[in-house]
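Structure first, then comments.
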Amino acid sequence: MAGWRKNILGPRVAGIFGAILALALIFQQPTLINVARDRVFDQFQRFSPRHYDESPVRVVEIDDAALERYGQWPWPRHRFATLVDKLNEAGAAAIVFDVIFAEPDRTSPGNVASGWLDRPELSPIKSQLGAANLDEVDHDRRFAASLAAAPTILHLTARAGGSDSDCPPALSKVQGMTANGLARVAPSFRNVVPALPIFREAASGEGFARAALADDAIVRSVPLIALACDGAEIFPSLALEALRVAAPRLDPKFAPTPFVKAAEKGPCRIHVTGVAQESVSEVILCRLRFPTTDDGQLWIHYSGIESVMKRRLSVVDILDGTPDEISDAVKGRIVMIGASAEGLRDVLVTPMGDDRPGVHIHAEVIEQALAGETLFRAWGIMRPIEIILALITSLFLLLVLPRIAAATGFVIWVLLSVGTMVGSYLAFSASGLLLDPVTPNLVLGASFLSAFVIMFQQEQIARKFIRGAFGKFLSPLILDRLEKDPSLLKLEGEQREITAFFSDIRGFTSISEALSPPQVTAMLNQYFTPMTRIVVEHKGLVDKYMGDGLAAMWNAPIDVDNHPAQAARAALAMLKSLDDLNASWRRDKALGLPEIKIGIGLHTAEARVGNFGSEDHLEYSMLGDMVNLTSRLESLTKEYGVPIIMSEDTRNRIPEFAAVPLGTFTVKGRSDPTVIFALIGDETVAEKPSFQSFRQSFESAVIAIDEAEPDLALEHFENCRSGDTFGIDQAIERFCEQARALRQMS
């Protein structure tokens, strides 16, 4: 097509411009992009959760059963002392409290009277309590003694506001980066709320329990370190402290060998590694490495939802359990104690789509660290990789896109986008790398859409050129296909299954002889207009007009689902439209037309379809033996006196339609007979009891003729005449004459 040339530079320039705009948006870090990235990572976790086997952590829950068994909250501290004693005797590697003990126990005998009413009748008891030495039965002292005798870790709460009290020093020191270096990146709090001094002095360690909530309130990461006391103190997380304290007593089967050997050499220390003292890269504990984000947060690799039930125990199981049962459950493991009862628990939403008590989040951190299944995403490393990946895929697309069809380019874009998503997931599932697929796909999408707009404009120009050059020779349907793929403009055809359609006006020659040429033209125009529209409405293609005849096809040049049914519905719709035309012509007394009837033939088979003709004039048409057969079926409608005849091939494709058999006939030039049917109606007609009775009698009559039983055939045809004959009275009479002739011959 010399009149139009494709420009490949325009789409590429537009695509590069779109990619630059997308990158500018990405560097602004809008919330929508961050949420989209996080949601993709959430889906990865659901597809490939962390493997959960024999866990090194048990979570002892203060659940509803425990409250029902031991009474309302808060409990007296001596109950916690008993809990610690039992766990320590059972060989727990560490006992971690995700419970705050910041105030004295008001249920201790020395404190209990302070909550009573000031009444005379209670004064003697208060005096006796005040004079007695109750230190030996003080609940807090009892609890502190248990804490000191066991490897225990307490919980402290970080707080943003100031405090009147002095900020306590951390029980365990964090090495590596200094507080000044961490102040630039790590979470920082003005103060902390620690446990009572008597408990801090007795405990083996303490850590903060704080989850990092994203914009959508989902916990995807936790900080491993935090600053407090106006940046003077560095506190470790509860999970880090649990591992530090538990290291000497942890069952070796739950930990990697380097960690076990390092713990045997001496106490573990927490070491923070940074990049040029500007950002955190990892936290190390006895050769156990925690890859972190720049601000010291650890992405959590969650196990499946079922892990919550597998690692949990109730306080009741410990306080009421036998020593052997408790030992089997907790020996050599880290035991975390937290609340799960309604009204007590801190419920957190996870990427797995469930909500869990916060204590289970810390358990996940410990488990993944010991299993070596941590996730890794460092902004300084991942972001350049993602941007480079985005640029490479975009440039590749822009190189090939202008040289191919828009539909093919769309497929390549989809494949690249899906490939980026799949590659990101494989990196996650294979090595725990969190590569963001949203950034590359956003850049790729912006690049593609920008280039596609220019390509679309160019194709519109091409379509105008094609329509101007060939619009006089091809039908609109063929033009649409040719505009999408100009290479189809060729003389060769294709072999494909179609449903062919032929129709003809009965007695047109005698009708036209009684009319003037203008009247004939007006009548045919009035007839062909609705008939053509019916073909198009039912997804067919008008092949040609042959005087008073009309040829059409279905399933060419474009695919049509259930094309035999579409053709059948079109044929039935034509009969109804013809009734309306006849009514209109009867009202036109000047035209003087008789009742017009048509015959229609339908056949489904493979045919040769394509652009046939000369290089100067092309016509999309159908060729082949099946076309001749369809034309013959249309001619048979005169002989049988039915409006629509279809072949057995078509009938078998639409068994739900109302039809009756007309026997067989042999086309000239063919040796095999063709079974034919009269099409009477659609599914609605077929479901009518009257038609079902009619069809049964008609079929029985035709079979009786074939079996040379004329009397039985006539009896069945009489049954057909007793009710609705569905417009095929002439066919019934024809068969009756055949039966009577057969009876005379016998």
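Not a single donor-acceptor pair under 3.5 Å links the side chain of Ser631 to the backbone N or O of Val627. At least one donor-acceptor pair closer than 3.5 Å links the side chain of Asn555 to the backbone N or O of Glu497. A donor-acceptor pair is defined here as one N or O able to donate and one able to accept, closer than 3.5 Å; such a pair exists between the side chain of Thr521 and the backbone of Pro517. The backbone N or O of Asp580 sits nowhere less than 3.5 Å from a side-chain atom of Ser584 that would complete a donor-acceptor pair. Distance alone, capped at 3.5 Å, is enough to place a donor-acceptor pair between the Ser700 side chain and the Gln696 backbone. Checking side-chain atoms of Ser577 against main-chain N and O of Met574 turns up no donor-acceptor pair under 3.5 Å. Using modelled atom types, one side-chain atom of Arg651 and one backbone atom of Phe657 make a donor-acceptor pair closer than 3.5 Å.
Side chain to side chain, Ser516 and Gln519 meet the donor-acceptor criterion of an N or O pair below 3.5 Å. For the residue pair Thr532/Tyr545, the side-chain donor-acceptor check at 3.5 Å is satisfied. Using a 3.5 Å distance cut-off with no hydrogens or angles, the side chains of Ser429 and Ser48 do not pair a donor with an acceptor. Side-chain atoms of Ser621 and Asp543 include a donor-acceptor pair closer than 3.5 Å. When only modelled atom types and interatomic distance are considered, Thr650 and His603 share no side-chain donor-acceptor pair under 3.5 Å.
Between Glu683 and Arg569, at least one side-chain nitrogen of the basic residue sits less than 4.0 Å from a carboxylate oxygen of the acidic one, meeting the salt-bridge criterion. The pair Glu733-Arg740 meets the salt-bridge criterion, since a charged nitrogen lies less than 4.0 angstrom from a carboxylate oxygen. Salt bridge Glu718/Arg721: present, at least one basic N to carboxylate O contact under 4.0 Å. In summary, Arg356 and Asp354 engage in a salt bridge, as defined by a charged side-chain N under 4.0 Å from a carboxylate O.
Of all the heavy atoms in Ile654 and Ala568, the pair that sits closest is CD1-CB, 3.7 Å. Nearest heavy atom pair, residue Pro440 against residue Thr420, reads CB-CG2, 3.8 Å. Nearest heavy atoms, Leu714 versus Cys736: CD2-O, 3.8 Å. Residues Val609 and Ala556 come closest through the heavy atom pair CG2-CB, 4.1 Å. In terms of heavy atoms, Gly601 sits closest to Thr630 at O-CG2, 3.4 Å. Gly727 and Pro643 make their closest contact through O-CD, 4.5 Å (heavy atoms, listed as atom of the first residue, atom of the second, distance).
A distance of 9.5 Å separates OG1 of Thr604 from CE of Met646, quoted to the nearest 0.5 Å. To the nearest 0.5 Å, atom CD1 of residue Ile511 and atom CD of residue Glu595 are 10.0 Å apart. Distance check: His563 NE2 to Met553 CE gives 12.5 Å after rounding to the nearest 0.5 Å. Once rounded to the nearest 0.5 Å, the distance linking CD1 of Ile600 with CG of Leu679 reads 8.5 Å. Rounded to the nearest 0.5 Å, atoms CZ (Arg37) and CG (Leu442) are 12.5 Å apart. Rounding to the nearest 0.5 Å gives a distance of 11.5 Å between CG of Asp711 and NE2 of His716.
The shortest distance between side-chain heavy atoms of Asp504 and Lys638 falls below 4.5 Å. In this structure the side chain of Val40 reaches within 4.5 angstrom of the side chain of Pro437, judged on heavy atoms. Between Leu662 and Val642 there is a side-chain heavy-atom pair separated by less than 4.5 Å. Side-chain contact check for Val418 versus Leu415: every heavy-atom pair is 4.5 Å or farther apart. Annotation: side chain of Phe502 is not in contact with side chain of Arg632 (no heavy-atom distance under 4.5 Å). Side chains of Met622 and Arg608 form no contact here, defined as non-hydrogen atoms less than 4.5 Å apart. Between Leu524 and Phe508 the shortest side-chain heavy-atom distance falls below 4.5 Å. Between Ser647 and Ile676 there is no side-chain heavy-atom pair separated by less than 4.5 Å.
Residue Asn525 places its CG atom among more than 12 non-hydrogen atoms of other residues, nucleotides or ligands, all under 6.0 Å distant. More than 12 heavy-atom neighbours from other residues, nucleotides or ligands sit within 6.0 angstrom of CD on Glu606. For Gln526, the CD atom counts as densely surrounded, since its 6.0 Å shell holds more than 12 non-hydrogen atoms of other residues, nucleotides or ligands.
The stretch residues 671-714 participates, sequence neighbours left out, in these ring pair (Phe, Tyr, Trp, His ring centres under 6.0 Å) pairs: Phe691-Phe726, Phe694-Phe698, Phe694-Phe726, Phe698-Phe717, Phe698-Phe735.
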Can you check side-chain contact (heavy atoms from CB on, under 4.5 Å) on Thr674 and Asp649, steps first, answer last? CA-CA 9 Å; Thr674 301; Asp649 294 310; over 6 Å; no
Evaluation steps, side-chain contact (heavy atoms from CB on, under 4.5 Å), between Ser307 and Tyr302: CA-CA 9 Å; Ser307 67; Tyr302 283 91; over 6 Å; no
Verify side-chain contact (heavy atoms from CB on, under 4.5 Å) between Ile644 and Leu575, making sure each step is shown before the conclusion. CA-CA 9 Å; Ile644 305 173; Leu575 296 182; 3.6 Å; yes
Steps toward side-chain contact (heavy atoms from CB on, under 4.5 Å) verdict (Ile596, Tyr527): CA-CA 10 Å; Ile596 300 297; Tyr527 167 75; 5.6 Å; no
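Tyr640 carries Arg734 over the face of its six-membered ring, with the cationic atom under 6.0 Å from the centre and within 45° of the normal.
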